[in-house]
Amino acid sequence: MRRRINATGYTWSALCENIAADYPSVNAVVDGWMASDGHCANLMNPNFRDIGFACVTGTSTSSYRTYWTLDLGKPR
């Protein structure tokens, strides 16, 4: 995660990441994260100000139909 975020040029002082797979929609994945203590704590942490959110569709050889990533950051 750090290498990927550093490559964007984002200057951070704190980072965290939520990942998930095979959720059919944005609402479903966020509901799943909210139901998970650790993922919910990341989302509700007031120290994080910036977000990056992505969904990638799996291929015919992937284990899942969708892959989701939410990165949260606090700028330096």
Side-chain angles (χ1 to χ4, degrees):
M1 166 187 62
R2 290 177 183 194
R3 191 174 337 153
R4 188 177 68 249
I5 292 172
N6 287 341
T8 71
Y10 180 72
T11 306
W12 54 272
S13 62
L15 295 172
C16 75
E17 182 173 66
N18 286 356
I19 59 172
D22 217 25
Y23 284 87
S25 68
V26 171
N27 288 344
V29 75
V30 172
D31 287 347
W33 285 330
M34 293 303 288
S36 161
D37 290 344
H39 292 103
C40 183
N42 288 342
L43 287 167
M44 303 305 277
N45 186 328
N47 291 318
F48 296 117
R49 190 184 83 190
D50 300 323
I51 66 167
F53 188 77
C55 177
V56 176
T57 303
T59 66
S60 61
T61 60
S62 298
S63 298
Y64 300 104
R65 294 174 291 161
T66 54
Y67 295 87
W68 301 86
T69 302
L70 172 70
D71 292 316
L72 300 158
K74 178 180 178 183
R76 194 171 311 188

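It should be emphasised that the depicted structure is a prediction, and the values quoted were computed from it without experimental measurement. For this chain, numbers begin at 1 and follow the sequence in order.
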How close do Ala21 and Tyr67 get, heavy atom to heavy atom, and via which atoms?
CB-CD2, 4.1 Å
Using the test side-chain contact (heavy atoms from CB on, under 4.5 Å), find all partners of Val56 that sit at least two apart in sequence or belong to another chain.
none
Which residues satisfy the side-chain contact (heavy atoms from CB on, under 4.5 Å) test with Ala41, sequence neighbours excluded?
none
Of all pairs that satisfy side-chain hydrogen bond (donor to acceptor under 3.5 Å, both in side chains), the ones with a partner from residues 27-37, not counting sequence neighbours
Ser36-His39
Assigning hydrophobic clusters by single linkage (Ile, Leu, Val, Met, Phe, Trp, Tyr; side-chain heavy-atom cutoff under 4.5 Å), is Met44 placed with Val30?
yes
Counting only heavy atoms not in Phe53 (residues, nucleotides, ligands), do more than 12 fall under 6.0 Å from its CZ?
yes
Atom of Ser13, atom of Pro75 and distance for their closest heavy-atom approach:
OG-O, 3.2 Å
Quick one: do Ile19 and Phe48 end up in the same hydrophobic cluster if we chain Ile, Leu, Val, Met, Phe, Trp and Tyr together by side-chain heavy atoms under 4.5 Å apart?
no
Can you check whether Leu70 reaches Leu43 side chain to side chain, under 4.5 Å on heavy atoms?
yes
For Met1, what are the other residues in its hydrophobic cluster, where any two members join if their side-chain heavy atoms are less than 4.5 angstrom apart?
Ile5, Tyr10, Trp12, Leu15
Across all chains, not counting sequence neighbours, the side-chain contact (heavy atoms from CB on, under 4.5 Å) partners of Thr59 are Thr61, Ser62
First locate atom CG of Asn18, then atom CG of Leu72, and finally report the distance between them rounded to the nearest 0.5 Å.
6.0 Å
Give me each pair satisfying salt bridge (charged side-chain N to carboxylate O under 4.0 Å, His left out) with a member in residues 60-76, each pair once, sequence neighbours excluded.
Arg4-Asp71, Asp22-Arg65
Name all residues meeting the side chain to side chain donor-acceptor pair (under 3.5 Å) criterion together with Thr66; count only those two or more places apart in sequence or in a different chain, and write none if there are none.
Trp68
